[in-house]
Amino acid sequence: MGRLVAVSNRVADPRNLAAGGLAVALGEALKATGGMWFGWSGKIVEAAQGGTPGEGELHIQQAGNVTLATVDLCREDHDAYYQGYSNGVLWPVFHYRIDLADFDSGYLNIYRRVNQLFARKLAPLLRPDDVIWIHDYHLIPLASELRAMGCGQRMGFFLHIPLPPPLILAAIPQHEWLMRALFAYDLVGFQSQLDLEHFSRYVQSEAQAEPMGEYRFRAFHRTVRAQAFPIGIDVDEFAALGQCEESRETYEMMRGQYSSRRLLLGIDRLDYSKGLPQRLKAVRTLMAQYPENRRSATLIQIAAPSRETVDAYADLRRELEGLSGAINGEYGELDWMPVRYIHRTTARRRLPGLCRACRVALVTPLRDGMNLVAKEFVAAQDPDDPGVLVLSRFAGAAEQLREALLVNPYDINATAQAIQQALHMPLAERQSRHQKLLERIRAQDVHWWRREYLRILGETDGGVGG
Ligand code: GDG
């Protein structure tokens, strides 16, 4: 297989990966094989005087055996491509929130323009036998732009967020253009079987695609392979992080402060897809219906700031502040509060210790591509005395993590009941559920995900008109 070229909105130095998820997975893949990582530099610059806005400068930097190639964006392009179309149209619709999408602001032209800019900057850097792996909803049309410039390399796409059912997708005025763009790839990867099923239904009903045996579809004069590759975590890395000083210190601090260990934990970006108001309401119901939890159970909710300039996120922040204040006001005591709500990012090195100190994780998104926090919580537990995972059936992770307590997060009473069950689960049951969950996250960890995706991409026919 040729050189790996990974493309994503943001790029990180693979020798120094602080963040979880995508960055770690790609960084690790690139370190193993060498290659190139291409994306936005993270820098916003003034539009060139008299030049085409968005003709960003290309930066090439060597990081060990990986070449980092990044492009600057001007303010207008960044705002319309990233905040506007990617996070103001695609993110809400793909998470089933048509009501939050801003369809008519003309963002699409700039989304397309930035994808064209990426293609123009990337194409001259490519070698004929490169294998190109493009990530996420910011870059759906990148392959078709590269193909239009004559690039015949093997190209794969991975969607980290859910793909909604055809009728929801069809609410996007340019849905056909977007889905047609997926046929410029050789392989399209999804997080779950359900996403794959939505893709299959969409292309058959809207694009008259012919299914051609397992995982293959033909439409728009191209054949594409589409398949589910559930992303995982590096289980050993996360568990090992639990041994670092900050992690141990966090564990001791939490255990010291809450010696009866009845902690509920939520770790999320502050995002409307994560079901945070519903989760707080479930904790309020828990306190109302099961009073034995008063003065004893506490929810530690970390809501890391995210996309703060998008209106829906600012509204959500206010709602969460109101709800947590109201619950604490109603049930709090001088020496105990039911909710500790923290609207800040917590250092990654503290997360395993925090997970281990908590009895129950509440991972209750209304919709989520996968959700890595669910897997990180399992990886961080003490197998002899593990905590319990309460998991939304609407997270992609629910297809794999069947031994979690699966809940419908819209059903506040049922979620409160599940939390109560988790808080009182006997040790033997906690151990047996945890053991199975750990096996599952080990069997399909992040290394498996990367190897399996690239193996299948390597098996596709590849190239233009395949
Ligand atoms: C997208 C999809 C899919 C969270 N708060 C803090 C923090 N985190 C870390 C977690 C985890 C990561 O961020 C979040 O990953 P998720 O998977 O939960 O969610 P998204 O950010 O929405 O990711 C998702 C994922 O892509 C991968 O394909 O699973 O469905 O939406 O690693 O631990 N990290 C630190 N401080 C925090 O406060 N350091």
Have [X] and [Y] got a donor and an acceptor in their side chains that come within less than 3.5 Å?
X      : Y      : result
Gln301 : Asp268 : yes
Gln381 : Arg356 : no
Gln61  : Thr67  : no
Thr460 : Arg225 : no
Tyr313 : Arg307 : yes
Gln243 : Ser247 : no
Asp72  : Ser41  : yes

On a heavy-atom basis, which atom in Thr415 and which in Pro409 lie closest, and how many Å separate them?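 Closest heavy-atom pair between Thr415 and Pro409: OG1-CA, 3.9 Å.
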
Over all heavy atoms of both residues, which pair between Met149 and Ala123 is shortest? Give the atoms and the distance, please.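 Scanning both residues completely, I find the closest heavy atoms to be CE-CB, 3.9 Å.
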
Would you compute the distance between atom [atom1] of [X] and atom [atom2] of [Y] and round it to the nearest 0.5 angstrom?
X      : Y      : atom1 : atom2 : result
Leu26  : Leu4   : CG    : CG    : 8.0 Å
Met370 : Ile231 : CE    : CD1   : 8.0 Å
Ile456 : Glu452 : CD1   : CD    : 5.0 Å
Asp195 : Ile161 : CG    : CD1   : 9.5 Å
Leu146 : Leu122 : CG    : CG    : 5.5 Å

Residues [X], [Y]: salt bridge by 4.0 Å N-O rule:
X      : Y      : result
Arg442 : Asp445 : no
Arg112 : Glu145 : yes
Arg154 : Asp186 : no

[X]: partners by side chain to side chain donor-acceptor pair (under 3.5 Å), with sequence neighbours left out:
X      : result
Arg451 : none
Glu176 : none
Asp382 : none

Within residues 397-407 or reaching into it, pairs that qualify as side-chain hydrogen bond (donor to acceptor under 3.5 Å, both in side chains) - sequence neighbours excluded: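 Sorted result for residues 397-407: Lys375-Gln400, Gln400-Gln444, Glu403-Arg440.
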
For this output row, return yes or no: ring centroids of Trp40 and His138 closer than 6.0 angstrom.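 No.
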
Using the ring centroid of each side chain, check whether Tyr272 and His95 are separated by less than 6.0 Å.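 Not under 6.0 Å, so no.
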
Given the ring of Trp37, does Arg10 sit roughly above its face, with NZ or CZ under 6.0 Å from the centre of the six-membered ring and within 45° of the axis?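 Arg10 over Trp37 ring: no.
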
Going by ring pair (Phe, Tyr, Trp, His ring centres under 6.0 Å), name the residues that satisfy it together with His447, two or more places apart in sequence or in a different chain.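 Here no residue qualifies.
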
With sequence neighbours excluded, what pairs up with Phe217 under the ring pair (Phe, Tyr, Trp, His ring centres under 6.0 Å) test?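 Counting only residues at least two positions away or on another chain, Phe217 forms a ring pair (Phe, Tyr, Trp, His ring centres under 6.0 Å) with Phe199.
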
Trace of the ring-ring contact (aromatic ring centres under 6.0 Å, His included) decision for Phe157 with His135: CA-CA 6 Å; Phe157 177 75; His135 289 262; 8.0 Å; no

Tyr81 and Tyr111 aromatic ring geometry - parallel, tilted or perpendicular at 30°/60° bounds: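 Because their plane-to-plane angle is under 30°, the rings of Tyr111 and Tyr81 count as parallel.
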
Over 60° means perpendicular and under 30° means parallel, so tell me whether Trp449 and Trp133 are parallel, tilted or perpendicular.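 Correct class here is tilted.
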
Among Phe190, Phe94, Trp91, which one satisfies ring pair (Phe, Tyr, Trp, His ring centres under 6.0 Å) with Tyr137?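 Output: one option passes, namely Trp91.
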
Which residue in the set Phe183, Tyr185, Trp177 passes ring pair (Phe, Tyr, Trp, His ring centres under 6.0 Å) when paired with Phe220?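 The passing option is Phe183.
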
Mark yes when over 12 heavy atoms from residues, nucleotides or ligands other than Leu167 sit less than 6.0 Å from its CG; otherwise mark no.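 No, not enclosed.
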
